[in-house]
Amino acid sequence: MESSSYFLTALLILLSYINSSSVARETSTEFIKTSCSTTTYPTLCYSSLSTHASAIQTSPRLLAHTALSVTLDNTQSTSAMISRLSQSHGMSPREVTAMLDCVEELSDSVDQLRRSVAEMNQLKGSNFALMMNDIQTWVSAALTNEDTCTDGFAETTVSSNVKNVVRGWIVNIAHMTSNALALINSFASVHG
């Protein structure tokens, strides 16, 4: 009889843990969904951040930091893909030039996003406003670089296949950067 009592107690503890873990996950994902609803691209925001719900929990700071980190990772990947694509055979010199210009713009974006992530890690009370201003400036500059890359393809005679592929990649990271900036601005306004 005593062993069944221990078993029942252990089972109740396990079920309680599973239930609280499930509730915490649901609360985190709802927090992300609600926060993302204020961004320009809420579906992309939620899909790119919901997989990080357990790390974000319900922290605006962790949400903004994660959005920056995810954007940085995607920008680095996109830059590498465009760089590889620029080395493909059969591309015209204009296509290669437009792609290399884009890689340079994305390299600047990566640098600005890296600096922003590092600054988010260092946020302190007395310097909060100044540090947030730097982060907002760098993320805005990264978004400008991404837009410049897209413009470079519009202004040259690049084949529609190349233009469409690269534009799709760039638009995706520009949207992610825009979302990250919106979450950063929201965090700054609440905690500034």
Side-chain angles (χ1 to χ4, degrees), residues 29 32-53 55-56 63-120 132-188:
T29 55
I32 294 168
K33 183 177 267 186
T34 300
S35 300
C36 284
S37 71
T38 65
T39 66
T40 307
Y41 309 100
T43 303
L44 176 62
C45 179
Y46 181 76
S47 68
S48 65
L49 296 174
S50 62
T51 57
H52 303 280
I56 294 168
L63 180 65
H65 189 275
T66 303
L68 266 176
S69 296
V70 167
T71 301
L72 172 59
D73 290 345
N74 278 276
T75 304
Q76 288 172 315
S77 298
T78 300
S79 180
M81 288 188 295
I82 293 172
S83 182
R84 281 192 299 274
L85 187 59
S86 72
Q87 298 166 7
S88 300
H89 295 291
M91 293 201 135
S92 74
R94 284 182 182 237
E95 290 171 332
V96 171
T97 299
M99 293 181 100
L100 292 177
D101 287 347
C102 185
V103 167
E104 188 175 325
E105 294 290 340
L106 291 181
S107 176
D108 290 344
S109 289
V110 165
D111 180 55
Q112 290 150 340
L113 292 168
R114 265 195 199 121
R115 291 166 68 186
S116 299
V117 168
E119 194 84 345
M120 281 289 286
M132 283 307 299
N133 188 32
D134 287 345
I135 292 167
Q136 291 164 318
T137 300
W138 293 328
V139 176
S140 294
L143 186 56
T144 299
N145 288 333
E146 293 154 8
D147 289 341
T148 301
C149 171
T150 304
D151 293 345
F153 281 92
E155 295 170 2
T156 60
T157 54
V158 176
S159 79
S160 61
N161 287 342
V162 171
K163 195 181 287 190
N164 290 337
V165 167
V166 173
R167 183 167 164 34
W169 292 340
I170 300 301
V171 164
N172 185 60
I173 61 169
H175 289 180
M176 291 181 82
T177 305
S178 172
N179 286 341
L181 183 58
L183 295 172
I184 289 163
N185 290 341
S186 177
F187 170 63

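Note: hydrogens, waters and symmetry copies are ignored here, and every other heavy atom, side chains too, is used.
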Less than 4.5 Å apart, any side-chain heavy atom of [X] and any of [Y]?
X	Y	answer
His65	Leu68	no
Tyr46	Ile32	yes
Thr148	Thr144	yes

Next item on the list: Mark yes or no for whether Glu119, through its side chain, and Ile135, through its backbone, hold a donor-acceptor pair below 3.5 Å.
Entry: no
Distance from [X] atom [atom1] to [Y] atom [atom2], nearest 0.5 Å?
X	Y	atom1	atom2	result
Cys149	Trp169	SG	CH2	11.0 Å
Met132	Met120	CE	CE	5.5 Å
Leu63	Leu49	CG	CG	6.0 Å
Ser116	Asp111	OG	CG	9.5 Å
Ser140	Asn145	OG	CG	11.0 Å
Ser107	Gln112	OG	CD	9.5 Å

Residues at least two apart in sequence or cross-chain that pass side chain to side chain donor-acceptor pair (under 3.5 Å) with Gln136, listed by chain then number, are Asn185
Minimal non-hydrogen separation, [X] against [Y], with atom names:
X	Y	answer
Ser47	Ser50	O-OG, 4.0 Å
Cys36	Pro42	O-CB, 3.2 Å
Thr75	Leu106	CG2-O, 4.2 Å
Ile170	Cys102	CD1-SG, 3.8 Å

Table please: side-chain donor-acceptor pairs of residues 76-85 below 3.5 Å, with sequence neighbours left out.
residue : atom : partner : partner atom : Å
Ser77   : OG   : Asp73   : O            : 3.1
Thr78   : OG1  : Asn74   : O            : 2.8

Side chain to side chain contact (heavy atoms under 4.5 Å, CB included) between Thr66 and Leu183: does it pass, once the steps are laid out? CA-CA 10 Å; Thr66 303; Leu183 295 172; over 6 Å; no
Identify each donor-acceptor pair in which a side-chain atom of residues 175-182 lies under 3.5 Å from a protein atom, sequence neighbours left out, and give them as a table.
residue : atom : partner : partner atom : Å
His175  : NE2  : Tyr41   : OH           : 3.3
Thr177  : OG1  : Glu146  : OE1          : 3.0
Thr177  : OG1  : Glu146  : OE2          : 3.1
Thr177  : OG1  : Ile173  : O            : 2.7
Asn179  : OD1  : Thr39   : OG1          : 3.2
Asn179  : OD1  : Tyr41   : N            : 3.1
Asn179  : ND2  : Tyr41   : O            : 2.9

